[in-house]
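Worksheet: one structure, shown below.
Labels below follow one simple rule: chain letters A, B, ... track the order of the sequence lines, proteins then strands, and each chain is numbered from 1.
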Number of protein chains: 2
Amino acid sequence: MSTEAHELSTAWLRVFLAVARLGSFTEAARTLGYTQSAVSRQIQALESALGEGALFDRLPRGVAPTERGRVLLPRAEAVLAQLEGVREDLTALREVSGGRLRVGAFPTAGAALVPRTVAAFQERHPDVELTVAEGLTGALLGRLDRGELDLAVVSSTGGAVPEAYALEKVVDEAMYAAVPAGHRLARRRRVRLAELADEPWVSGSTATERSLLHPAVREDFRPRVAYVAAEWIAKQGYVAAGLAVALIPALAADGVRPDIRLLAVHEEDIPPRAVYAATLRGRTPPAAAEAFIRLLRETGARFGRRLPRP
Amino acid sequence: MSTEAHELSTAWLRVFLAVARLGSFTEAARTLGYTQSAVSRQIQALESALGEGALFDRLPRGVAPTERGRVLLPRAEAVLAQLEGVREDLTALREVSGGRLRVGAFPTAGAALVPRTVAAFQERHPDVELTVAEGLTGALLGRLDRGELDLAVVSSTGGAVPEAYALEKVVDEAMYAAVPAGHRLARRRRVRLAELADEPWVSGSTATERSLLHPAVREDFRPRVAYVAAEWIAKQGYVAAGLAVALIPALAADGVRPDIRLLAVHEEDIPPRAVYAATLRGRTPPAAAEAFIRLLRETGARFGRRLPRP
DNA sequence: CTGCTGCCATGCGATTCTCGCATGGTCGGC
DNA sequence: GCCGACCATGCGAGAATCGCATGGCAGCAG
């Protein structure tokens, strides 16, 4: 007879409550799907685990809680309620309600992809505290490493990504050529870059290595960068004025002014820029992050090789 | 692989907390006195009981809680705190702090026995809410039966007590003869009732059957009740005036006026009146009741066959 | 690049727990 | 005085849990 408190089981408490409520071992057993002997022993075990003194008086007709039993009653309910709370919390987590999510994204993603995804996310999971920070891919990964972010939206332009991160492709971003409304190709829907090889270009940098044009350079396409403008709003100005054409990633193609036409560039001319959602490899990402990534892909699908404004 | 939630053990949670705090199965095992394998399996069991999703990420150097783990953390602490609360409550109960105690007592006990016991009890257990009700033995037992009282202080005068009650003798109450200060026996400390057989008596009733004198009646003691007075204060008046003598139970002998003398009556002349503490048979009495009974006996010892004022 | 080390997972046998079944004891009622 | 309701308990089967030993994996030093 080990009078020592091995460790009290929550099953004990559930049985205890049933017995207290029903006033009978037999009835509690029937309700709980046990035999009467099992209930008897469970109560015995609980009584011995709790130390001296019975929890129920065994009367000729059923049982009645002793003072100890009456004291235990609200506590047992509280414990079980907490246990129920555990399940609720975890369910809420699975259903992505509550908690926080810290997202980082590269600048272009801030044009449409991330804002739209955020909007959809907020609608579905209004309880999640969501923050978004902008930064370049390298910086974002560093913040991920230091635990400052839960999720980073990065592009493949930054070169090789260390193995420490788990990447999930969100979208293969299509590229568009932007031409003025009166351009000779303005009525086309698709072009080859070779057709624009002789046009003056506006780009983010004179050095093509640092611009979107870089992966497109080939034998038959060596663009002449006549104007330099980093911001898309400025590029639009040059293009709309008929001074130049520009290469625009689909993610930035939203809200283009009406006097500009976007032409889908043939896939072979420029590889799609991949956008990834990065988390720390080996660490289970927050459930909210999973949900955010799903929405990212959903939103991102609209930017993959399709003209936003036909 | 039973993915079903058998019932989560509190041991799970304790192990979980240790692992979360120490960041390592091995270290937690060492701290808790388990082997590493046991900890590993406990966490596995907890994870499977809680359903999909791990609680810890297994890293090359130790483990780190996942989001699920971080959510579980405060809940687990709460559950264990409640469990600790159970033990504290029960310990407090054993040490008689808190809770309530409802006592009933027959009128004479209210003269000194109960008030003194109450005072001692309040001093020792100030947290217990104590109430005292007065009533005759029969009524008190009825209220005990109906759960209106936890404890009844009753005397043996009421005849047989049903078996439904557990009686614990508190004191065998001595009887005194009260005589005026100038009485011929006033200097004695003990008397035989036969010596007072010819005196006029004052009693609570003309019918000796209903008075304290009843059990004392014998061949050589047939008292003549000259005066009837129910209250002890009135009896004192007759005695002090030298009109009569009276029989006084020790419990009522406190605070006797100075012109009256109390003489111990020989034990053979009148059987001591027993005072009992009654609880419901078969029901575990409240811990406070046990403590109260102990103090009753302590206090009552002063009224057994001893003159309170020598 | 190879062996070492630290850490978690897992197969195995022994122990303990817990269950259901059947039985015994006690009390109240017809 | 027998019967029925109810709780306690001996017994054997099955499940859970433990420790021990081993395996797998990642990082690190030589």
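Minimum atom distance to the side chain of B/R61 is reached by C/dG6, of the listed C/dT10, C/dG6, D/dA8. When distances run from any side-chain atom of A/R41 to the nucleotides D/dT17, D/dC11, D/dC7, the shortest one goes to D/dC11. The listed nucleotides are C/dC27, C/dT10, D/dC20; the one nearest the side chain of B/T35 is D/dC20. The side chain of A/S24 sits closest to D/dC7 out of D/dC7, D/dC18, D/dT17. Side-chain proximity of B/A38 to the nucleotides D/dG19, D/dC7, D/dA26 is greatest for D/dG19.
Here the side chains of B/V170 and B/T299 are not in contact, with every heavy-atom distance at 4.5 Å or above. Proximity of B/R75 to A/L90: side-chain heavy atoms (C-beta onward) are nowhere separated by under 4.5 Å.
A close approach under 4.0 Å does not occur between any side-chain nitrogen or oxygen of A/T26 and OP1 or OP2 of D/dC6. Close to C/dG20, at under 4.0 Å from its OP1 or OP2, lies no side-chain N or O of A/Y34. Look at A/Q36 and you won't find any side-chain N or O under 4.0 angstrom from OP1 or OP2 of C/dC21. In this model, the phosphate group of C/dC19 is approached by a side-chain N or O of A/Q42 to a distance below 4.0 Å at OP1 or OP2.
Of the N and O atoms on the side chains of A/T66 and A/D57, not one donor lies less than 3.5 Å from an acceptor on the other residue.
Across all strands, B/V39 comes closer than 4.0 Å to no nucleic acid atom at all (heavy-atom distances).
At whole-Å resolution of the value, CZ in A/F25 and P in D/dC6 are 13 Å apart. Following rounding to the nearest Å, A/R58 (CZ) and C/dT26 (P) show an atom-to-atom distance of 16 Å. What separates CD1 of A/I43 from C1' of D/dC6 is a distance of 15 Å, to the nearest Å.
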Got a list of side-chain donor-acceptor pairs under 3.5 Å for residues 140-153 of chain B, not counting sequence neighbours?
{"residue": "B/R143", "atom": "NE", "partner": "B/E148", "partner atom": "OE1", "Å": "3.3"}
{"residue": "B/D145", "atom": "OD2", "partner": "B/Y165", "partner atom": "OH", "Å": "3.1"}
{"residue": "B/R146", "atom": "NE", "partner": "B/E148", "partner atom": "OE2", "Å": "3.0"}
{"residue": "B/R146", "atom": "NH1", "partner": "B/G142", "partner atom": "O", "Å": "3.4"}
{"residue": "B/D150", "atom": "OD1", "partner": "B/R102", "partner atom": "NH2", "Å": "2.9"}
{"residue": "B/D150", "atom": "OD2", "partner": "B/R102", "partner atom": "N", "Å": "2.9"}
{"residue": "B/D150", "atom": "OD2", "partner": "B/R102", "partner atom": "NE", "Å": "3.3"}

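The base of D/dC20 sits with one of its N or O atoms less than 3.5 Å from a complementary donor or acceptor on the side chain of B/S37. Looking at B/R30, its side chain has no donor and acceptor atom pair within 3.5 Å of the base of C/dG6.
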